[in-house]
Amino acid sequence: MQVSGKLTTVETSIFSVMSALANAHNAINLSQGFPNFKSDDKLIEGVTKAMNSGFNQYAPMAGHLGLRKAISKKFELLYNTSYHPESEITITAGATQAIFTIISTFIRPQDEVIIFKPAYDCYEPAITLNGGLSNSIQLEAPDYKINWVEVEKKINANTRMIIINTPHNPSGTVLSEYDLVQLQRLTADTDIIVLSDEVYEHIIFDGLEHQSVCKLKDLKSRSFITASFGKTFHNTGWKIGYCCAPSALMEAFRNVHQFNVFSVHHPSQIALAEYLEDPDHYLNLSSFYQEKRDRFLELIKDSRFEFLPSKGTYFQVLSYAKITDMNDVEFAKQLTIENGIASIPLSVFNDDNRDDKVLRFCFAKTDETLSKAAKIINAI
């Protein structure tokens, strides 16, 4: 039998590569984006309580209604808008599943999807698997701002979707209200669907406000929002997320979702519904992570790396242009093997592996880990 899969040209994820290298060389792992501290005991106890209370069978396909109601209330509180819990919110197996299902639902062969690079690595494979074509726009370091004139030139009769991500992984930048107004203008009176990856919505710094697509009425009418409880509540291994969209779009999504995963872990949904009753559980997250960002940057301020402070997410991009001309992938591997610290090179997310001599470091770590990492960085 000859085996030929659909993604034969896709290499092993850079996250897997760098984490494996970190493990092999006992390096501090600031590469993969997950905290090394535990979730709130209340949330863990809530899952245990739900299991002991008998919530161990399939959840409803769209998700536990109590959780969907809690999400709806959150949107009312934060953005003065709402999604109907019964017809416009679906609980998913993490944001990645939501993104994959959205693309699978709407992208047909030869449909074009506009993405902005550096782009998180799950977008393009999903487009390819469904026969779509990625129409990418390269963002310029170090500010990674979108040139909307270029976007307008890219839009054509085959454009079916535009994917945005704010706060942005891997660059740590955020979109402004102006950006969303331009996106609304360019997609008005079209059949273009907007997929807005907002998994870091609660991690945004320096007094900035998260600009969600749901804040603009016309943009909301054509958009999906994907979100992640794992990013918000320090439990990425639970793989619980959700997506929101107007009912017509959500109905189409669920037609695929029911055969993709059907439903996700029931006890976790019960616990999360109760946990969301206290808004402080997510409203205080920005200050929590800004303190970690500030601590990390203060510790490395005298290093040879250069940086613009991250505006959101729990990632910080550092430029090593004044240290070496080495390719970023090779430099990241060298730092892991020889210096004992693992990061993520950004070229793997760029068009044609464009190398801006920058690495991404995750600061969602304990203060002890950040201090140890800073000593290594300062010695490079």
Side-chain angles (χ1 to χ4, degrees), residues 30 32-47 67 70-81 89 91-92 94-96 98 120 165-176 196-215 225-244 268-269 271-298 309-317 360-370:
L30 301 192
Q32 205 157 3
F34 57 81
N36 70 338
F37 42 83
K38 63 183 294 187
S39 300
D40 191 337
D41 286 337
K42 291 182 180 179
L43 190 52
I44 295 173
E45 291 165 3
V47 177
L67 180 54
I71 293 168
S72 181
K73 289 180 181 178
K74 181 174 79 78
F75 275 90
E76 292 175 358
L77 173 66
L78 294 180
Y79 308 120
N80 195 31
T81 189
I89 300 172
I91 309 302
T92 61
T96 300
Y120 188 63
N165 175 206
T166 185
H168 183 254
N169 177 18
S171 74
T173 56
V174 299
L175 295 183
S176 66
S196 185
D197 180 352
E198 302 183 17
V199 299
Y200 296 101
E201 64 172 319
H202 300 303
I203 308 176
I204 193 163
F205 311 135
D206 304 322
L208 297 174
E209 292 184 5
H210 172 57
Q211 299 301 323
S212 173
V213 293
C214 70
K215 296 174 74 172
I225 291 173
T226 61
S228 166
F229 289 119
K231 300 294 191 299
T232 303
F233 297 133
H234 324 314
N235 48 26
T236 59
W238 292 13
K239 292 298 292 181
I240 305 288
Y242 61 91
C243 66
C244 304
S268 297
Q269 295 189 54
L272 285 164
E274 182 176 347
Y275 198 69
L276 283 173
E277 290 179 3
D278 183 357
D280 284 343
H281 286 147
Y282 52 86
L283 291 178
N284 294 327
L285 205 61
S286 288
S287 59
F288 172 79
Y289 274 118
Q290 181 165 338
E291 182 177 335
K292 287 195 172 294
R293 181 206 66 173
D294 292 347
R295 182 187 304 275
F296 181 56
L297 295 184
E298 176 64 23
S310 170
K311 296 299 183 185
T313 75
Y314 42 55
F315 302 115
Q316 177 64 52
V317 170
R360 190 202 76 174
F361 294 80
C362 176
F363 55 80
K365 309 298 176 183
T366 63
D367 290 348
E368 180 184 7
T369 298
L370 293 177

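This structure is a prediction, so every number in the text was calculated from the model and none was measured. Heavy atoms only: backbone and side chains are in, while hydrogens, waters and symmetry mates are out.
- Under the side-chain hydrogen bond (donor to acceptor under 3.5 Å, both in side chains) criterion, the residue pairs touching residues 226-236 are H234-Y289, with sequence neighbours excluded.
- The shortest heavy-atom contact between L283 and L77 is CD1-CD2, 4.5 Å.
- N284 pairs by the side-chain contact (heavy atoms from CB on, under 4.5 Å) definition with D280, S287, not counting sequence neighbours.
- For Y314, there are no side chain to side chain donor-acceptor pair (under 3.5 Å) partners at least two apart in sequence or on another chain.
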Run the numbers on W238 and L43 for side chain to side chain contact (heavy atoms under 4.5 Å, CB included), then give the verdict. CA-CA 12 Å; W238 292 13; L43 190 52; 3.8 Å; yes
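- Using modelled atom types and a 3.5 Å distance limit, the side chains of S212 and E198 yield a donor-acceptor pair.
- For K311, the side-chain contact (heavy atoms from CB on, under 4.5 Å) criterion is met by V174, D206, L208, not counting sequence neighbours.
- With sequence neighbours excluded, the residues forming a ring pair (Phe, Tyr, Trp, His ring centres under 6.0 Å) with F315 are Y200, listed by chain and number.
- Counting heavy-atom neighbours within 6.0 Å of K292 NZ, excluding the residue itself, gives a total above 12.
- For F233, the ring pair (Phe, Tyr, Trp, His ring centres under 6.0 Å) criterion is met by Y275, not counting sequence neighbours.
- Between K365 and L30, the shortest heavy-atom contact is CG-CD2, 3.6 Å.
- Scored by the side chain to side chain donor-acceptor pair (under 3.5 Å) test, T166 finds no partners at all (sequence neighbours excluded).
- Residues satisfying the salt bridge (charged side-chain N to carboxylate O under 4.0 Å, His left out) criterion with E368, sequence neighbours excluded, are K372.
- In the model, E201 has a side-chain atom that pairs as donor or acceptor with a side-chain atom of Y79 under 3.5 Å.
- Every residue meeting the side-chain contact (heavy atoms from CB on, under 4.5 Å) condition with E291, not counting sequence neighbours, appears here in chain and number order: R295.
- Residues forming a side-chain contact (heavy atoms from CB on, under 4.5 Å) with E45 (at least two apart in sequence, or on another chain): D41.
- Residues forming a ring pair (Phe, Tyr, Trp, His ring centres under 6.0 Å) with H202 (at least two apart in sequence, or on another chain): Y282.
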Could you go through K74 and E277, starting from their C-alpha distance and side-chain angles, then the distance that decides it, and tell me whether this counts as salt bridge (charged side-chain N to carboxylate O under 4.0 Å, His left out)? CA-CA 9 Å; K74 181 174 79 78; E277 290 179 3; over 6 Å; no
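- Rounded to the nearest 0.5 angstrom, L272 CG and E274 CD are separated by 10.5 Å.
- The two residues S310 and G172 make their nearest non-hydrogen contact at OG-O, 3.5 Å.
- If you take OG on S72 and CG on L67, they are separated by 11.0 Å, rounding to the nearest 0.5 Å.
- Applying the side chain to side chain donor-acceptor pair (under 3.5 Å) test to T173 and every residue at least two apart in sequence or in another chain returns S171.
- Among all heavy-atom pairs drawn from I203 and P167, the shortest one is O-CG, 3.8 Å.
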